[in-house]
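Taking it in order: structure first as structure tokens, then the write-up.
Computed from a predicted model, the values in this text were never measured in an experiment.
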Amino acid sequence: MTSISLPATGTAGTRAMAAIEARRLARHPAFLVGTLLAFGVLALTIVLDDDPVASDLLSVPVLPAFFIGLPSLVATARLTRSTETAVEAVATAPGTEARRTAALLAACVVPFAAGVVFTGAVLVLTAIMGVHPHEWWFGTMPDWQVWSILVALGPVACLGGAVVGVLVGRWLHFPGAAAVAVVALVALSILAELPADTEESRMRLWAPWALWHSGSWPDGTAFVYAGNPAFYTGYLLCLCAAAGLVAIWHDRTARSSRLTTAIVGVTVVGLACLALATTTGPSENRQSKPVPFQVAT
């Protein structure tokens, strides 16, 4: 068996461990299968649909969030537990638990990158295939709103799933913990959507994954939901940071005043972003005109 020499301390050692964990994550079956399914479903949509694939561009991020983000949660949770099992078996480890956790968190850039590539592919398809002119947001919504929605529900959702997996792997040790976390996240997202089509639409934004686009209705119309997607993106990034810091907190030797301050600070900023997401931006849902080829017959 080939041995790997790692620096015992310092940033160099953490980077080396992060590179190893990134390779392990990139080769994990759950991540690989989920990523292939995300791109496969997108390709299948193009093959089977004669209409412009991007006519519902703002609802497309459900694919990477579901097929990359959730499997990444399972993958990183299992990687976290497998690392600690190996440590217990050999009674030695490259650095502290906190450093190993930091390395696993750094490896979460892998699903984030997959989400970026997926979003880029969708935008390329949009440029090539075009969209129906009745999809009004492409001409009237500010670009920052469209970009914020795509980033929040795509790459950031993929990153968040992986980070939550590390958190689950650190704190929950019962069999099936990752599966329970996946079901809980899906249930929370569904629950959060209950007020989406009401006057209280912005109340859905507390969820770690909230829809911004209704998809096409039978009459060919679609809604873009109320709220500020830029601040919502900031809220999600704070959730990711808080989850990562709490995962590091599991190591009792790492519970310094600096770490405590960081957790409190990220929480305060996240709550501020959530408050701004629900109180600024469009206050009402916006409805498109009917898209003729999507009207139910």
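- Listed by chain and number, the hydrophobic cluster partners of F231 are L276, where partners are ILVMFWY side chains within reach of under 4.5 Å, directly or through others.
- Between T260 and W249, the shortest heavy-atom distance links the atoms OG1-CZ3, 3.2 Å.
- Rounded to the nearest 0.5 Å, atoms CH2 (W147) and CG (D143) are 8.5 Å apart.
- The structure places OG1 of T198 at 7.5 Å from CG of N285, a figure rounded to the nearest 0.5 Å.
- Residues L172 and L70 fall within the same hydrophobic cluster, defined by Ile, Leu, Val, Met, Phe, Trp and Tyr side chains chained together at heavy-atom separations under 4.5 Å.
- Between V33 and P71, the closest side-chain pair of non-hydrogen atoms is not below 4.5 Å.
- Taken to the nearest 0.5 Å, the CG atom of N228 stands 12.0 Å off from the OG atom of S283.
- Interatomic distance, CG of D251 versus CZ of R99, reported as 11.5 Å (0.5 Å rounding).
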Begin with the C-alpha distance, continue with both residues' side-chain angles, and end with the deciding distance and a verdict on side-chain contact (heavy atoms from CB on, under 4.5 Å) for W206 and L188.
CA-CA 10 Å; W206 60 268; L188 280 174; 3.7 Å; yes
Side-chain donor-acceptor pairs of residues 104-121 under 3.5 Å, sequence neighbours excluded:
unit_1, atom_1, unit_2, atom_2, d
T119, OG1, G115, O, 3.0

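- At least one side-chain heavy atom of L123 sits less than 4.5 Å from a side-chain heavy atom of L150.
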Evaluate side-chain contact (heavy atoms from CB on, under 4.5 Å) for D197 paired with Y225, printing each intermediate quantity in order.
CA-CA 8 Å; D197 296 307; Y225 295 129; 3.0 Å; yes
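- Using modelled atom types, one side-chain atom of T278 and one backbone atom of A275 make a donor-acceptor pair closer than 3.5 Å.
- Contact of the T101 side chain with the H250 side chain is not registered, since no non-hydrogen atoms from C-beta on lie closer than 4.5 Å.
- Stacking of R204 on the aromatic ring of W212 is recorded, both the 6.0 Å distance cut-off and the 45° axial limit being met.
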Evaluation steps, side-chain contact (heavy atoms from CB on, under 4.5 Å), between V163 and L167:
CA-CA 6 Å; V163 172; L167 178 67; 5.8 Å; no
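- Of all heavy-atom pairs between W171 and V246, the closest is NE1-O, 3.0 Å.
- Atom OG of S72 sits about 6.0 Å away from atom CG of L25, to the nearest 0.5 Å.
- The two residues S148 and T233 have their closest heavy-atom pair at O-OG1, 3.3 Å.
- Following chains of ILVMFWY side-chain contacts shorter than 4.5 Å, one cannot reach M203 starting from W209, and the two form parts of different hydrophobic clusters.
- Under the salt bridge (charged side-chain N to carboxylate O under 4.0 Å, His left out) criterion, R78 pairs with no residue, sequence neighbours left out.
- Under the 4.5 Å side-chain heavy-atom criterion for ILVMFWY residues, a single connected hydrophobic cluster contains both L205 and I190.
- Closest heavy-atom contact between G154 and P61: N-CB, 4.1 Å.
- Residue F31 holds its CZ atom at 13.5 Å from CG of L73, rounded to the nearest 0.5 Å.
- Following chains of ILVMFWY side-chain contacts shorter than 4.5 Å, one cannot reach V183 starting from L191, and the two form parts of different hydrophobic clusters.
- Taking every heavy atom of both residues into account, C238 and V269 meet most closely at SG-CG1, 3.6 Å.
- By the rule that hydrophobic residues join a cluster once side-chain heavy atoms approach within less than 4.5 Å of another member, W144 and V151 end up as members of separate clusters.
- Shortest non-hydrogen contact noted between L32 and A26 is CD2-O, 3.1 Å.
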Decide yes or no on side-chain contact (heavy atoms from CB on, under 4.5 Å) for H28 and L79, but give the supporting numbers first.
CA-CA 9 Å; H28 195 282; L79 288 176; 4.1 Å; yes
